[in-house]
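Everything below concerns the one structure shown next.
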Protein chains: 2
Amino acid sequence: MTNRASLQDIADQLGITKMTVSRYFRSPEKVAPATREKIAQAVKHSGYIHNRAPALMSRALSRTIGVVIPSLSNQVFSALVDGIETITNAESFDILLAHSGYDPKVEERKIEMLLSYQVDGMILCETEHTDRTRTMLKQAGIPVVECMELPEAPIDMVVGLDHKAAAFNAVTRMIASNKQHIVYLAARLDRRTMLRQQGYEQAMWEAGLTPQTVATPFQSSFSQGMKLLQQALDTFDRVDGIFCTNDDLAVGAMQFCKNEGIRVPDDLAVMGYNGLDIGLTMQPKLTSVVTPRQAIGIKSARLLIDVINGKAPSDKLFDLGFSYTAGESLS
Amino acid sequence: MTNRASLQDIADQLGITKMTVSRYFRSPEKVAPATREKIAQAVKHSGYIHNRAPALMSRALSRTIGVVIPSLSNQVFSALVDGIETITNAESFDILLAHSGYDPKVEERKIEMLLSYQVDGMILCETEHTDRTRTMLKQAGIPVVECMELPEAPIDMVVGLDHKAAAFNAVTRMIASNKQHIVYLAARLDRRTMLRQQGYEQAMWEAGLTPQTVATPFQSSFSQGMKLLQQALDTFDRVDGIFCTNDDLAVGAMQFCKNEGIRVPDDLAVMGYNGLDIGLTMQPKLTSVVTPRQAIGIKSARLLIDVINGKAPSDKLFDLGFSYTAGESLS
DNA sequence: AACACCTATGTTACACGTAACATTTTGTTG
DNA sequence: CAACAAAATGTTACGTGTAACATAGGTGTT
């Protein structure tokens with residue numbers, strides 16, 4: 001590491017103390033205009049870059065929050081981070097980002113890294129954590145928001161939606177449009193997928209219907225959607241609707257229908273989940289459960305920063321609900 | 001900020017000095033087995049989390065590299081980061097991730113933040129930077145890799161591919177399969193899009209054909225692909241091929257073909273760019289230029305860490321080339 | 001002229017893990 | 001058991017921005 005310019009370097013150069021230079025950055029109005037001008041010159045010339053290390057050493061706030069998302073190629077989480085940054089930018093907080101690949105062990109490692117940087121708070125997108133993760137977060141004594149779903153054993157605060165209820169509502173809606181042989185298409189059998197399955201099954205049972213599921217442990221993709229629908233049609237006598245655990249599967253399935261001449265929604269109703277842009281480019285447009293991810297990001301960051309700033313939260317759990325895209329794949 | 005346990009706390013608790021505890025973490029073999037056991041207990045009990053701040057203050061390496069990607073919902077960059085982490089994990093480096101939303105001003109802010117954390121090196125995915133970005137990086141005196149493309153004015157090292165050459169090759173290939181009225185579909189008019197356009201145009205001119213482009217300033221998406229193809233068909237007399245600046249547009253366009261009964265590749269040849277999974281789920285499979293993004297990530301991280309460790313790089317520029325998916329959308 | 005008060009700048013101390021060197025303890029061998 | 005080596009632990013100093021307090025110089029008021 002080469003010697004970057006320090007405040008001391010700039011101060012020496014001007015025959016003043018680093019304290020005045022520090023003030024120039026923190027509260028310029030406390031520095032005499034003439035001095036301010038001199039410092040501005042020297043700073044520009046030296047290309048000084050703020051060094052966070054000393055601030056991290058003191059017990060002051062780092063004004064940084066850690067964010068762990070499961071994936072770097074999922075619009076759900078990019079929208080979430082967008083929402084978070086709306087707030088952090090306005091509050092001049094920084095975010096330190098890490099991704100876990102849906103693996104609690106990796107999440108643990110990343111959280112440990114973020115904590116080593118003395119973040120003031122943490123936003124997590126998963127609710128399944130290792131024991132050590134929970135211990136570390138407790139010990140760190142910083143506020144934590146788990147977002148996207150409503151965990152049974154929250155670490156601290158929660159901003160999300162009830163995926164079981166959303167699935168129940170969606171499937172009930174399918175049944176109301178006169179579909180009876182509805183199959184659940186699932187991939188990557190994580191908690192959220194399971195919750196949706198529960199909602200699906202409850203809706204089916206309550207309507208006197210029998211739930212039928214096809215699933216793959218692999219990551220969701222369009223091709224998995226095609227394969228799963230094929231498998232559903234091969235396995236079950238009659239299928240007149242599919243409830244897909246996300247839009248990737250749904251779009252793949254609709255693709256499959258197009259290839260095979262299956263009419264949507266007349267032969268087969270399709271319900272997606274997440275409400276991504278891509279669903280609306282299909283013909284017919286995909287009907288999908290919209291998860292309010294940007295709003296979740298905004299609320300999570302707002303809440304976290306308020307708590308960091310010492311405000312007591314009005315509540316520890318916020319359910320932001322869900323809605324539907326204006327699709328045509330249902331009836 | 002609550003008082004997290006420090007090394008001193010653990011040491012006090014055991015009646016030893018923090019130096020021994022520090023050694024327990026850095027080089028446990030230098031600590032007597034009995035002491036090691038005692039420390040292990042105390043550490044576990046207190047939930048100690050390493051504090052990076054003092055290390056950042058010393059001039060030692062932080063063993064962290066900064067990575068700035070343009071987008072959090074693009075498989076291209078998630079594969080790149082995967083590649084990077086293959087190496088950083090093996091070398092026990094950490095990465096600090098930030099995203100710029102394709103905006104050089106935002107990139108500047110994020111780079112400044114990463115530098116304030118004393119990263120040992122930086123990987124950037126864009127080649128367009130503000131003046132201040134260049135100044136800061138120079139002043140920081142750390143190695144920098146720009147990846148994905150081959151910039152005209154590199155900051156330091158480069159790992160990427162020649163997008164103009166790739167586009168030239170791809171379009172030449174289309175022409176070789178007897179297509180003559182090939183339109184270029186472009187979105188988000190960034191540098192890489194422009195480079196591909198240049199390659200496309202050169203291939204057309206050299207074949208005695210006239211380049212024709214439809215473009216949108218908006219972000220690429222399936223729906224933009226549909227719209228752009230519609231626009232191309234409306235605008236130009238004859239169209240028998242499209243070269244799409246990425247797979248999102250290509251897949252949208254192929255969707256459009258399916259809706260409109262246009263046969264691919266007989267009526268219209270389609271060439272994509274990036275070689276994402278989704279293209280291979282189409283029917284026919286999308287032919288696409290494959291950019292070796294994981295390899296770029298691996299090479300970038302390898303190179304950067306070698307330089308950080310004091311090795312002189314064998315070269316400053318690495319062109320990793322391109323290939324094609326085994327598609328059927330061409331002929 | 002004396003005093004209060006303000007502005008601008010300076011002084012001091014602090015946070016904490018670790019490299020480098022110093023010292024103590026344990027182990028080994030003739 | 002003396003003598004030395006090796007292992008284990010301790011001591012010291014360091015890096016750098018900033019909060020809190022101190023001081024110097026100036027302005028204004030009575």
Side-chain angles (χ1 to χ4, degrees), chain A residues 1-40 42-43 46 48-64 112-113 115-118 120 139-141, chain B residues 1-40 42-43 46 48-64 94 112-113 115-118 120 140-141:
Chain A
M1 172 88 68
T2 38
N3 291 347
R4 329 225 287 226
S6 68
L7 289 189
Q8 188 68 67
D9 293 335
I10 294 174
D12 289 349
Q13 201 181 308
L14 298 174
I16 58 181
T17 62
K18 58 180 178 167
M19 194 60 228
T20 305
V21 186
S22 173
R23 262 190 282 259
Y24 165 81
F25 286 111
R26 299 293 119 214
S27 34
E29 75 284 357
K30 290 186 187 161
V31 177
T35 317
R36 213 180 314 177
E37 190 48 42
K38 280 195 300 179
I39 296 175
V43 166
S46 72
Y48 174 76
I49 301 157
H50 181 65
N51 180 357
R52 252 181 153 95
L56 297 183
M57 293 248 316
S58 78
R59 273 115 166 214
L61 290 180
S62 63
R63 297 193 74 79
T64 300
E112 186 172 14
M113 178 196 74
L115 289 175
S116 78
Y117 279 107
Q118 315 294 109
D120 293 334
Q139 222 285 323
Chain B
M1 173 88 69
T2 37
N3 291 347
R4 332 226 284 225
S6 68
L7 288 189
Q8 189 69 65
D9 294 335
I10 293 173
D12 289 349
Q13 202 180 308
L14 299 172
I16 57 180
T17 62
K18 58 181 178 168
M19 195 60 229
T20 304
V21 186
S22 172
R23 260 189 285 259
Y24 166 80
F25 286 111
R26 298 294 119 213
S27 34
E29 76 283 356
K30 289 187 188 159
V31 177
T35 316
R36 213 181 311 176
E37 190 47 43
K38 280 195 300 179
I39 296 175
V43 165
S46 73
Y48 174 76
I49 302 156
H50 180 64
N51 180 357
R52 251 179 155 98
L56 297 183
M57 293 248 315
S58 77
R59 271 118 166 211
L61 291 179
S62 63
R63 296 194 76 78
T64 300
D94 281 318
E112 186 173 13
M113 178 196 74
L115 288 175
S116 78
Y117 279 107
Q118 315 295 108
D120 293 333

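Computed from a predicted structure; not experimentally measured.
- Separating the NZ atom of A:Lys30 from the P atom of D:dA20 is a distance of 10 Å, rounded to the nearest angstrom.
- Rounded to 10°, the helix from C:dA1-D:dT30 to C:dG30-D:dC1 has 40° between the axis fitted to its first five pairs and the one fitted to its last five.
- Regarding B:Leu14, its CG atom lies at a distance of 13 Å from the C1' atom of D:dT9, rounded to whole Å.
- Atom OH in A:Tyr117 sits roughly 16 Å away from atom C1' in C:dC16 (whole-Å rounding).
- When the P atom of D:dG17 is taken as reference, atom CZ of A:Arg4 falls 10 Å away, rounded to whole Å.
- If you check every strand for non-hydrogen atoms under 4.0 Å, A:Ala55 touches nothing.
- To the nearest 0.5 angstrom, A:Arg4 atom CZ is 4.5 Å from A:Ile49 atom CD1.
- No donor-acceptor distance shorter than 3.5 angstrom exists from the side chain of A:Arg52 to the backbone of B:Tyr117, with no hydrogens or angles considered.
- How far CG of A:Leu115 is from CD of A:Gln139: 9.5 Å, rounded to the nearest 0.5 Å.
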Quiz prompt | Step-by-step side chain to side chain contact (heavy atoms under 4.5 Å, CB included) determination, A:Tyr48 to A:His50 | solution = CA-CA 7 Å; A:Tyr48 174 76; A:His50 181 65; 4.1 Å; yes

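- Across the protein-nucleic acid pair, A:Ile10 atom CD1 and D:dT16 atom P stand 12 Å apart, rounded to whole Å.
- The CG atom of B:Asn51 sits 8.5 Å away from the CG atom of B:Leu7 when rounded to the nearest 0.5 Å.
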Under 3.5 Å, N/O pairs linking protein and nucleotides 22-25 of chain D:
none

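- Dashed line: the shortest gap from a side-chain N or O of B:Tyr48 to OP1 or OP2 of C:dC16 is not under 4.0 Å.
- Under the salt bridge (Lys or Arg N to Asp or Glu O under 4.0 Å) criterion, A:Glu112 pairs with A:Arg132, not counting sequence neighbours.
- We find the OG-CD1 distance between A:Ser46 and A:Ile39 to be 11.5 Å, quoted to the nearest 0.5 Å.
- Residue contacts for A:Ala53: at a heavy-atom cut-off of 4.0 Å it reaches no nucleic acid atom on any strand shown.
- Residue whose closest nucleotide on DNA chain C sits further toward the 5' end, between A:Thr35 and A:Met57: A:Thr35.
- Rounded to whole Å, atom C1' of C:dT18 lies 15 Å from atom CZ of B:Arg52.
- Contacts with DNA chain D (heavy atom under 4.0 Å) in residues 16-23 of chain B: B:Ile16, B:Thr17, B:Met19, B:Thr20, B:Arg23, listed by number.
- Along DNA chain D, the nucleotide nearest A:His50 and the nucleotide nearest B:Ala32 are compared for position; the residue whose nucleotide lies closer to the 5' end is B:Ala32.
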Side-chain atoms of residues 8-22 of chain B: list all donor-acceptor pairs with protein atoms under 3.5 Å, sequence neighbours left out, distances to 0.1 Å.
unit_1 : atom_1 : unit_2  : atom_2 : d
B:Gln8 : NE2    : B:Asp12 : OD1    : 2.9
B:Asp9 : OD2    : B:Ser6  : N      : 2.9
B:Asp9 : OD2    : B:Ser6  : OG     : 3.4

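- Residues satisfying the ring-ring contact (aromatic ring centres under 6.0 Å, His included) criterion with B:Tyr24, sequence neighbours excluded, are absent altogether.
- B:Asp94 places no side-chain N or O within 3.5 Å of a backbone atom of B:Thr64 that could act as its donor or acceptor partner.
- Regarding A:Gln118, its CD atom lies at a distance of 9 Å from the P atom of C:dC16, rounded to whole Å.
- Atom-to-atom, CZ of B:Phe25 to P of C:dT18 comes out at 9 Å; the value is rounded to the nearest Å.
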